[in-house]
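Take a look at the structure set out below.
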Amino acid sequence: QVQLVESGGGLVQAGGSLRLSCAASGRTFSSYFMGWFRQAPGKEREFVAAISRTGGRSNNVDSVKGRFTISRDNAKNMLYLQMNSLKPEDTAVYYCAASSTYYSGHYLWGSYDYWGQGTQVTVSS
């Protein structure tokens, strides 16, 4: 079992940057592929990015390609999301998640077994 805790959210102006972190407990962190999702008020939870168990593959939703980078450090049980060129439409609560399933379903919220509590990202105009 994995416990996940996000940090690094905050208020930033459009065009700015933030780095989100997700700290994972447990000794089997590398057994899970990881993802970031976000949820804006009144909207469905949306896939943002995912990374495979060893970090060899990653995927991003089209709206963040070229701006966001997902990475992981298995030795430190850490997951990151570097967010650059932020836009007001990026405003949301961001969640990290861990999955023991198949990477082909990385974009689906139902593929993930464990979720963090979320961290707020607010981008001002």
Side-chain angles (χ1 to χ4, degrees):
Q1 193 169 23
V2 176
Q3 283 71 236
L4 305 171
V5 180
E6 302 97 332
S7 62
L11 176 64
V12 65
Q13 290 184 298
S17 298
L18 286 173
R19 188 182 74 161
L20 305 185
S21 298
C22 176
S25 68
R27 60 188 178 183
T28 57
F29 178 62
S30 62
S31 297
Y32 302 89
F33 72 81
M34 302 293 295
W36 288 98
F37 287 73
R38 65 188 181 186
Q39 188 165 23
K43 298 188 69 177
E44 297 290 328
R45 189 167 297 186
E46 176 190 28
F47 168 74
V48 177
I51 189 165
S52 63
R53 290 166 170 85
T54 61
R57 297 176 63 188
S58 64
N59 295 84
N60 305 92
V61 69
D62 286 347
S63 61
V64 309
K65 286 181 179 177
R67 301 189 298 121
F68 291 10
T69 303
I70 188 170
S71 61
R72 67 190 296 165
D73 186 338
N74 286 351
K76 297 180 179 179
N77 283 13
M78 293 292 292
L79 175 74
Y80 305 100
L81 184 67
Q82 179 66 48
M83 304 186 295
N84 298 326
S85 301
L86 283 161
K87 303 175 180 179
E89 51 262 46
D90 295 319
T91 295
V93 176
Y94 283 70
Y95 300 88
C96 68
S99 177
S100 62
T101 65
Y102 297 100
Y103 189 73
S104 59
H106 62 269
Y107 60 95
L108 299 171
W109 69 266
S111 295
Y112 293 83
D113 304 294
Y114 307 104
W115 293 84
Q117 83 288 353
T119 187
Q120 176 71 48
V121 172
T122 303
V123 184
S124 65
S125 300

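None of the values given here were measured: they were computed from a predicted structure. Heavy atoms only: backbone and side chains are in, while hydrogens, waters and symmetry mates are out.
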Checklist entry - If you take all heavy atoms of F37 and W115, which pair is closest and at what distance? => result CD1-CH2, 3.6 Å

Next on the checklist: So which atom in P88 and which in S125 form the shortest heavy-atom distance, rounded to 0.1 Å?
Outcome noted: CG-OG, 3.6 Å

Checklist entry - What distance separates R67 CZ from L86 CG, expressed to the nearest 0.5 Å? => result 6.5 Å

Item to check | Hphob cluster co-occupancy, M34 + F68, side-chain heavy atoms under 4.5 angstrom | outcome: yes

Checklist entry - Quick one: SG on C22 to CG on L81, what's the gap to the nearest 0.5 Å? => result 10.5 Å

Item to check | D62/K65 ion pair, N-O < 4.0 Å | outcome: yes

Checklist entry - So how far is it from Q13 CD to S124 OG, rounded to the nearest 0.5 Å? => result 5.0 Å

Item to check | Path from Y112 to L108 over hydrophobic side-chain contacts below 4.5 Å | outcome: yes

Checklist outcome for this item: Of all heavy-atom pairs linking Y94 and D90, the shortest is OH-O, 2.7 Å

Next on the checklist: Would the distance check show the side chain of T101 and the main-chain N or O of S111 forming a donor-acceptor pair, the cut-off being under 3.5 Å?
Outcome noted: yes

Next on the checklist: Looking only at the side chains, is there a donor atom on one of S25 and Q3 sitting less than 3.5 Å from an acceptor on the other?
Outcome noted: yes

Checklist entry - Which of parallel (below 30°), tilted (30 to 60°) and perpendicular (above 60°) describes F33 and Y103? => result perpendicular

Next on the checklist: Are F47 and V121 connected into the same hydrophobic cluster when the rule is that any two of I, L, V, M, F, W, Y join if their side-chain heavy atoms are below 4.5 Å apart?
Outcome noted: yes

Checklist entry - Out of curiosity, I70 CD1 to N60 CG, how far, rounded to the nearest 0.5 Å? => result 7.5 Å

Next on the checklist: Taking the side chain as everything from C-beta on, heavy atoms only, tell me whether L20 gets closer than 4.5 Å to M83.
Outcome noted: yes

Item to check | Heavy-atom donor-acceptor pair, N74 side chain to R53 backbone, under 3.5 Å | outcome: yes

Item to check | Gap separating the OH atom of Y32 from the OG atom of S99, nearest 0.5 angstrom | outcome: 9.5 Å

Checklist outcome for this item: All heavy atoms of N84 vs all of S17, minimum pair found to be OD1-OG, 2.9 Å

Checklist entry - Counting only heavy atoms not in E44, do more than 12 fall under 6.0 Å of its CD? => result no

Checklist entry - Short question: side chain of Q82, backbone of T69 - any donor-acceptor pair under 3.5 Å? => result no

Checklist entry - Honestly curious: do L4 and M78 fall in one hydrophobic cluster under the side-chain, below-4.5 Å linking rule? => result no

Next on the checklist: Check whether R72 reaches the backbone of G55 with its side chain - one donor and one acceptor, N or O, closer than 3.5 Å.
Outcome noted: no

Checklist outcome for this item: To the nearest 0.5 Å, atom CD of Q39 lies from atom CD of Q120 at 11.0 Å

Checklist entry - Do V12 and Y80 share a hydrophobic cluster, counting only Ile, Leu, Val, Met, Phe, Trp and Tyr and linking them when any side-chain heavy atoms are less than 4.5 Å apart? => result no

Checklist entry - Where is the tightest heavy-atom contact between L79 and C96, given as atom of each residue plus distance? => result CD2-CB, 3.9 Å

